[in-house]
Number of protein chains: 2
Amino acid sequence: MTRTRQAVLALLQRTRHPISATEIFEQLHQEKVAIDLVTVYRTLHVLKDLGLVLQLDLHQEGLARYELKEGREHHHHIRCQICGQIEDLLLCPLKKITKLIEQRTQFIVDDHTLEFTGLCPQCQ
Amino acid sequence: MTRTRQAVLALLQRTRHPISATEIFEQLHQEKVAIDLVTVYRTLHVLKDLGLVLQLDLHQEGLARYELKEGREHHHHIRCQICGQIEDLLLCPLKKITKLIEQRTQFIVDDHTLEFTGLCPQCQ
DNA sequence: TTCTTATTGCAAGTTTATTGCAATTACCAT
DNA sequence: ATGGTAATTGCAATAAACTTGCAATAAGAA
């Protein structure tokens with residue numbers, strides 16, 4: 001664990017919403033942490049492989065976002081189509097459905113993604 | 001409606017799984033239909049705006065896939081992590097949950113995406 | 001057929017993310 | 001501490017998906 005990795009991890013810890021590599025890069029530069037964008041990408045890859053970070057690919061965003069997995073329970077997201085704000089949904093209605101899908105398709109399911117989009121209270 | 005647009009639409013009609021712009025481009029060239037990749041992208045954009053085609057952004061694929069919306073009921077997908085095969089799931093367990101989420105978040109929900117990943121029977 | 005408008009192809013440009021490689025840094029053993 | 005080794009980093013270049021500008025072409029109406 002180097003200081004650059006700690007800086008990325010610390011930023012993820014204090015960020016409440018899923019954040020992109022570019023946003024991490026820009027935020028750290030504002031905080032006078034010298035780090036290359038490539039290093040941000042590589043660090044995120046490492047943290048993902050270590051199981052500390054989750055990668056999200058939200059619909060129609062065209063970029064990856066990351067959030068800390070550690071210490072957080074399984075959840076999903078809702079995103080405002082106008083302002084892009086992302087909010088956590090601390091629920092998951094898919095336990096039973098997963099079993100049904102495994103029976104129907106003969107797949108072994110090991111992950112799922114669920115995302116809602118719409119208008120946030122401010123943008124309605 | 002030009003012949004190139006009809007070619008794209010016809011290909012989408014006879015393709016059973018969500019297909020990417022590059023795949024459409026390559027498939028049409030194999031069928032000796034001269035079409036530029038840019039035109040494929042623009043055609044897909046038009047068809048999407050007309051509500052004839054749905055764009056999917058599957059998790060960790062890093063590209064957009066498209067499927068015909070016309071005449072098909074609402075459904076979701078499951079994708080094999082090994083071979084990439086995508087299968088339709090002709091179910092949706094999210095009607096009640098959507099109402100709950102609207103109450104909790106004060107968002108107006110107007111869409112959702114749901115995707116399962118796992119191992120298909122062949123890749124297990 | 002001719003005129004007008006929409007569509008297309010080509011080239012160039014964006015954006016997001018990855019790779020190669022040399023230079024630097026971290027960490028372990030001494 | 002110090003030196004050696006292996007991992008990490010920055011820079012430059014590259015890749016892949018997608019978009020934009022613009023002139024040439026094709027479609028549809030008069």
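Per chain, numbering begins at 1; letters A, B, ... match sequence-line order.
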query = Could you give the CD-to-C1' distance, from A:Q55 to C:dA17, as a whole number of Å?
reply = 10 Å

inquiry  = Nearest heavy atom decides the nucleotide; on that basis, is B:T2 or B:T22 closer to the 5' end of DNA chain D?
reply    = B:T22

inquiry  = Taking any heavy-atom pair under 4.0 Å as a contact, classify B:R3: base, sugar-phosphate, or nothing.
reply    = sugar-phosphate

request  = Please figure out whether B:V38 or A:V46 has its closest DNA chain D nucleotide nearer the 5' end.
outcome  = A:V46

query = Would you say the side-chain atoms of B:E115 pair up with the backbone N or O of B:H59, donor to acceptor, closer than 3.5 Å?
reply = yes

note = Side-chain contact check for A:D36: nearest option of D:dT8, C:dA17, D:dG10 is D:dG10

task = Measure from NZ on A:K48 to P on C:dT18 and round the result to the nearest Å.
result = 8 Å

ask   = Contact class for A:I35 (heavy atom, under 4.0 Å): base, sugar-phosphate, or nothing?
value = sugar-phosphate

request  = Quickly work out the A:R42 CZ to C:dT16 P distance and round it to whole Å.
outcome  = 19 Å

message = Just the rounded figure in Å: distance from P of C:dC10 to CZ of B:F25.
response = 9 Å

ask   = Phosphate oxygens OP1/OP2 of D:dT19: is one of them under 4.0 Å from a side-chain N or O of B:Y41?
value = no

request  = Please confirm whether the backbone N or O of A:C92 pairs with a side-chain atom of A:K95, one donor and one acceptor, at under 3.5 Å?
outcome  = yes

task = Return yes when atom NE2 of A:H45 has more than 12 non-hydrogen atoms of other residues, nucleotides or ligands closer than 6.0 Å, and no otherwise.
result = no

query = Do B:D88 side-chain atoms and B:H77 backbone N/O form a donor-acceptor pair below 3.5 Å?
reply = no

query = Can you tell me how far P of C:dT16 sits from CD of A:E26, to the nearest Å?
reply = 10 Å

request  = Grab the CG-P distance between A:L28 and D:dG10 for me, whole Å please.
outcome  = 11 Å

Interatomic distance, A:H45 NE2 vs D:dT8 P [rounded to whole Å] = 12 Å

ask   = A:D49 has an atom CG; how far is it from atom P of D:dT8, in whole Å?
value = 12 Å

Aromatic ring pairing A:H74/A:H112, orientation class (parallel under 30°, perpendicular over 60°, tilted between) = perpendicular

